[in-house]
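To start, I am sharing the structure in question, which I have written as structure tokens.
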Amino acid sequence: MNYWLVKSEPSTYSIDDLKKEKQTFWSGVRNYTARNNLKAMAKGDICIFYHSVKDPAIVGLCKVVKEHYQDPTTDETAWVVVDVAFLEKFKKVIPLGEVKNHPKLANMELLRQSRLSVQKVTQEEFDYIILLANGK
DNA sequence: GCCAACGTTGGC
DNA sequence: GCCAACGTTGGC
């Protein structure tokens, strides 16, 4: 089982939207590295939901419920989606500025390669983020 | 295969 | 709105 981080601009699709819908297909990835990460996701993997651009922060969790398949929003066969289900919205979100303050999170791809929209997260990083979200 | 030009993402 | 980082495209 693996951990991931997926990004979305809240004005496009927020954690609240996912909470309302309970489940969605994660579409719109048009970058090969991110696409490869989508393909590597397995059912049951956990994804950290990150809001980019406006109030950038780690805001919650979702779960892979269906592995990758052709992106229904395009005819180009290069692109795929996965289905994710809402798990939780953190009561205490973790702003990007705070992520930067924690040495244990300093190596996150989020900080090193900020443009990648689907990233791998290590078990250690994930555990620490859960600690922070629970008020530390 | 190299590299310049250009477009996009995302933080601030 | 600006700019840095990065990916993609296209000329050679």
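By convention in this document, chain letters (A, B, ...) are assigned in the order of the sequence lines, proteins followed by strands, and residues within each chain are numbered from 1.
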Taking atom CG as the centre, does A/Asp75 end up with more than 12 heavy-atom neighbours from other residues, nucleotides or ligands that are less than 6.0 angstrom away?
no
Is it true that A/Trp26 and A/Phe49 have ring centroids separated by less than 6.0 Å?
yes
A/Arg35 atom CZ is separated from C/dG7 atom P, nearest whole Å, by 14 Å
Rounded to whole Å, CG of A/Leu111 lies from P of B/dG10 at a distance of 14 Å
Taken to the nearest whole Å, CZ/A/Arg112 to C1'/C/dA4 is 18 Å
Atom OH of A/Tyr13 and atom P of B/dT9 are separated, to the nearest Å, by 19 Å
Closest non-hydrogen contact found for A/Glu125 with A/Asn107 is OE2-C, 3.9 Å
Between CE of A/Met108 and C1' of B/dG10 the distance, given in whole Å, is 16 Å
Under 4.0 Å between a side-chain N or O of A/Lys7 and OP1 or OP2 of B/dG10?
-> yes
In numerical order, the residues of residues 47-56 of chain A whose heavy atoms come under 4.0 Å of DNA chain B are A/Tyr50, A/Ser52, A/Val53, A/Pro56
Side-chain N or O of A/Gln113 less than 4.0 angstrom from OP1 or OP2 on B/dG10? no
Margin query: Within the 3.5 Å criterion, strictly below it, is a donor on A/Tyr13 or A/Glu21 matched to an acceptor on the partner's side chain?
Written below: yes
Taken to the nearest whole Å, CG/A/Leu116 to P/B/dG10 is 9 Å
Do we see a donor-acceptor contact under 3.5 Å between the side chains of A/Trp4 and A/Asp45?
yes
Rounded to whole Å, the CG-P distance (A/Asn31 to C/dG7) equals 7 Å
Would you please confirm or rule out a distance under 4.0 Å between OP1 or OP2 of B/dC12 and any side-chain N or O of A/Lys100? yes
Proximity of A/Tyr69 and A/Trp79 rings by center, below 6.0 Å
no
Measure from the side-chain N and O atoms of A/Gln70 to the backbone N and O of A/Glu76, and report whether any donor-acceptor pair falls under 3.5 Å. yes
Between CZ of A/Arg115 and P of C/dC3 the distance, given in whole Å, is 17 Å
